Q: 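First, the structure itself, so that you have it in front of you.
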Amino acid sequence: MTRKKRHTPPAPPSGTALVQNALEGYRPLLSQEDFAALQAELQQPLRNALRLNPLKADVQRDLPRWAERYGWQLRPIPYCKEGFWVEAAQTPISQTPEHALGFYYIQDAASMLPVELFDLPPEPLILDLAASPGGKTTHLVAKTGDRGLVLANDASRSRLTALRIVLNNWGASSTAITNFPGEAFGAWLPDTFDAVLLDAPCSMENLRPTDSHPMRPISARERSNLAQRQARLLHSALRAVRTGGQVVYSTCTLAAEEDEGVLNQVLGELGHAVQLDELTQRLPNPAPGLTTDGTQVYDPIVQRAVRLWPHRFGTSGFFAARLTRTGPLPSPQRSTPLPSRPLQGTGWQALNQAESNALCAAFEERYGFDLCAALTALGCQAWRWGKTYHALPERYLTRFASLPVHAVGLPIGEETSAGILPAQEWVARFAAQFQRGHYRTSTAAFEAGLRGQPLPYDPALADCDCPYPILVDETGRLLGRASVSAGWVKPLRR
């Protein structure tokens with residue numbers, strides 16, 4: 001009896017092969033000179049980049065200090081004033097206390113472009129339609145000075161925890177996280193927002209794969225489905241923004257069907273009330289959109305979009321466009337009511353005046369910190385959930401208090417038997433304003449604290465008798481909260 005040979009399916013193409021296949025598809029769309037430059041660029045490793053958090057740090061004051069301490073060589077990213085390429089680093093940018101405390105965000109330089117395209121009014125109302133993991137949401141918070149409200153939505157429930165952690169670590173108080181299909185917002189909240197960011201789900205064909213974002217095969221059917229969903233999301237975004245408001249549409253793919261093709265379709269359907277904005281002045285070098293994908297010809301106006309080929313600025317491949325709503329749009333034929341679940345029905349309680357005064361007094365007595373003034377400056381109110389206190393943005397409370405949220409605002413602290421324990425997120429944001437409550441260690445002891453090691457308690461190093469001191473080194477570098485117990489100081493991370 002002859003045994004049949006077992007069929008072994010072919011191995012999937014490697015990441016290098018996928019990049020090469022995709023690259024060949026773009027050859028007809030580029031000049032011979034540009035294509036050679038693109039090939040050369042892809043032989044170089046993608047440079048690390050960081051974006052400073054202006055809520056906690058200052059470019060002129062802090063970056064030179066960090067560069068000297070950690071042996072960094074930095075170069076400015078031309079379209080983002082708080083963005084820098086890291087040309088060299090003795091200490092990796094992912095391994096500093098400043099990174100752990102949200103003083104900067106590690107992000108591909110290409111992803112810093114979309115938020116920089118907005119022209120925002122003071123204290124804007126912003127919708128981030130597909131927000132997770134949250135890098136661009138933190139950029140929105142930085143651009144607004146953490147005032148107004150950023151409604152950070154993501155359709156995937158599994159991605160919400162990562163989004164919440166990123167926003168808390170950034171120190172963002174002006175955010176609320178929701179979990180709904182992005183396609184619904186145009187019907188639920190038409191003509192509402194000053195700005196909408198749609199960093200759309202895409203094929204991620206950016207020609208610069210990483211461990212966290214590897215390239216994978218994309219069938220023509222899947223790409224068509226992606227483009228159809230992107231168009232639906234862009235329709236929703238344009239309905240949700242008010243007349244005169246702006247929508248930025250971006251993807252981390254170079255596939256024209258998901259970029260210029262989507263713009264071409266949506267402008268053909270809504271062009272009577274939508275303007276594609278000219279972005280020439282936003283970049284030091286031209287980076288226009290394409291007028292064809294090699295098969296379909298697009299309206300020449302799509303050249304107003306920005307297409308970041310990797311060789312243009314040394315980034316991953318990326319695409320972005322800004323649209324301004326110029327007139328009314330018809331309401332969808334079918335709509336469903338906005339979901340409703342008031343905060344008070346989920347365990348949240350607003351503090352009354354006496355409770356608010358007591359909380360502020362506790363921070364003033366222990367840390368010399370004016371909590372009430374900080375809340376006023378943020379445009380927030382103190383609320384309570386169980387034993388924890390949070391700063392909730394007033395724009396959420398007045399406009400969306402019944403909209404179900406996964407998380408909202410910024411943790412302030414929690415009640416303990418030893419008094420208020422400030423939240424690590426609050427300490428990282430406001431420690432520079434704490435007049436006392438510090439425990440100052442040597443740099444060597446601080447480095448041990450970074451590794452989580454308890455430190456012997458020396459009363460001479462504390463500026464007050466406090467069970468939860470703020471741990472800093474002799475240069476003022478912040479590690480965060482600590483607890484004092486049985487003759488030891490132990491760093492507290494979360």
Side-chain angles (χ1 to χ4, degrees), residues 113-121 124-131 136 140 143 150-151 153 181-202 224 226-251 253 255-283 287-293 296-308 318-335:
L113 177 64
V115 173
E116 292 296 329
L117 299 179
F118 281 113
D119 295 322
L120 297 174
L125 193 57
I126 302 174
L127 173 62
D128 190 349
L129 207 54
K136 296 177 185 68
L140 287 168
K143 194 170 180 68
V150 179
L151 201 61
N153 179 73
E183 294 89 336
F185 279 87
W188 286 347
L189 294 168
D191 311 306
T192 297
F193 297 92
D194 298 303
V196 179
L197 173 62
L198 172 54
D199 188 49
C202 70
S224 175
L226 280 168
Q228 291 174 33
R229 186 183 180 206
Q230 290 154 354
R232 292 195 300 271
L233 288 168
L234 187 50
H235 269 267
S236 179
L238 289 166
R239 285 192 163 87
V241 78
R242 62 172 175 79
T243 298
Q246 297 175 347
V247 172
V248 167
Y249 174 74
S250 64
T251 74
T253 184
E257 300 95 320
E258 302 174 55
D259 296 337
E260 291 92 347
V262 171
L263 285 183
N264 192 70
Q265 176 187 335
V266 172
L267 288 171
E269 296 163 346
L270 304 179
H272 61 283
V274 172
Q275 168 186 298
L276 184 60
D277 297 329
E278 174 61 62
L279 300 174
T280 303
Q281 301 304 316
R282 301 290 172 140
L283 294 170
L290 298 171
T291 56
T292 179
D293 62 2
Q296 182 180 355
V297 176
Y298 304 131
D299 188 319
I301 200 171
V302 301
Q303 292 181 96
R304 292 183 176 182
V306 172
R307 170 170 283 262
L308 294 186
F318 204 82
F319 179 85
R322 192 184 77 190
L323 304 99
T324 296
R325 169 94 172 265
T326 58
L329 289 171
S331 299
Q333 293 180 351
R334 298 178 59 187
S335 66

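All values derive from a computational prediction rather than experimental measurement.
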Q: Nearest heavy-atom pair of Leu127 and Ala240: which atoms, and what distance?
A: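 Looks like CD2-CB, 4.2 Å.
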Q: So which atom in Pro330 and which in Arg239 form the shortest heavy-atom distance, rounded to 0.1 Å?
A: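 In this case the closest contact between Pro330 and Arg239 is O-NE, 3.0 Å.
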Q: Report yes or no: does Glu258 contribute a side-chain atom to a donor-acceptor pair with the main-chain N or O of Gln230 at less than 3.5 Å?
A: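 No; zero donor-acceptor contacts below 3.5 Å.
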Q: For Val115 and Lys136, work out which heavy atoms get closest and say how close.
A: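 Here Val115 and Lys136 meet closest at CG2-O, 3.6 Å.
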Q: Quick check against the 3.5 Å criterion: does Thr326 have a side-chain atom that pairs as donor or acceptor with the backbone of Ala273?
A: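 Pair found, side chain donor or acceptor close to backbone of Ala273.
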Q: Going from CG on Leu233 to CG on Asp199, what distance comes out if it is rounded to the nearest 0.5 angstrom?
A: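 Going from CG on Leu233 over to CG on Asp199, the span is 11.0 Å.
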Q: Please give me the minimum heavy-atom distance between Phe319 and Ala305, naming the atom from each residue.
A: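 Distance-wise, the nearest heavy atoms are CZ-CB, 3.5 Å.
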Q: Ignoring hydrogens, what is the shortest heavy-atom contact between Leu120 and Ala195? Give both atom names and the distance.
A: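 Smallest interatomic distance, heavy atoms only, reads CD2-CB, 3.6 Å.
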Q: Determine the minimum heavy-atom distance between Phe185 and Leu129, stating which atoms define it.
A: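 The answer is CD1-CD1, 3.8 Å.
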Q: With a 3.5 Å distance limit and no angle check, can you tell me whether Thr251 reaches the backbone of Asp259 through a side-chain donor-acceptor pair?
A: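 No, Thr251 side chain to Asp259 backbone: no donor-acceptor pair under 3.5 Å.
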Q: OG/Ser250 to CG/Leu113 distance, rounded to the nearest 0.5 angstrom?
A: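 So the gap between those two atoms works out to 8.0 Å.
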Q: Okay, side chain of Arg322, backbone of Pro114: is any donor-acceptor separation there less than 3.5 Å?
A: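 Answer holds: no.
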Q: Can you pull the salt bridge (charged side-chain N to carboxylate O under 4.0 Å, His left out) pairs that have at least one residue in residues 181-198, sequence neighbours excluded?
A: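 Qualifying pairs: Glu183-Arg229, Asp191-Arg325, Asp194-Arg242.
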Q: Could you grab the distance from atom CG of Asp277 to atom CG of Leu323, nearest 0.5 Å is fine?
A: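 Interatomic distance, Asp277 CG to Leu323 CG, rounded to 0.5 Å: 7.0 Å.
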Q: If you round to the nearest 0.5 Å, how far is NE2 of His235 from CG of Leu329?
A: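 It comes to 9.0 Å.
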Q: Starting at CG of Asn264, measure out to CG of Leu290 and round the result to the nearest 0.5 Å.
A: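 If we round to the nearest 0.5 Å, Asn264:CG and Leu290:CG are 12.0 Å apart.
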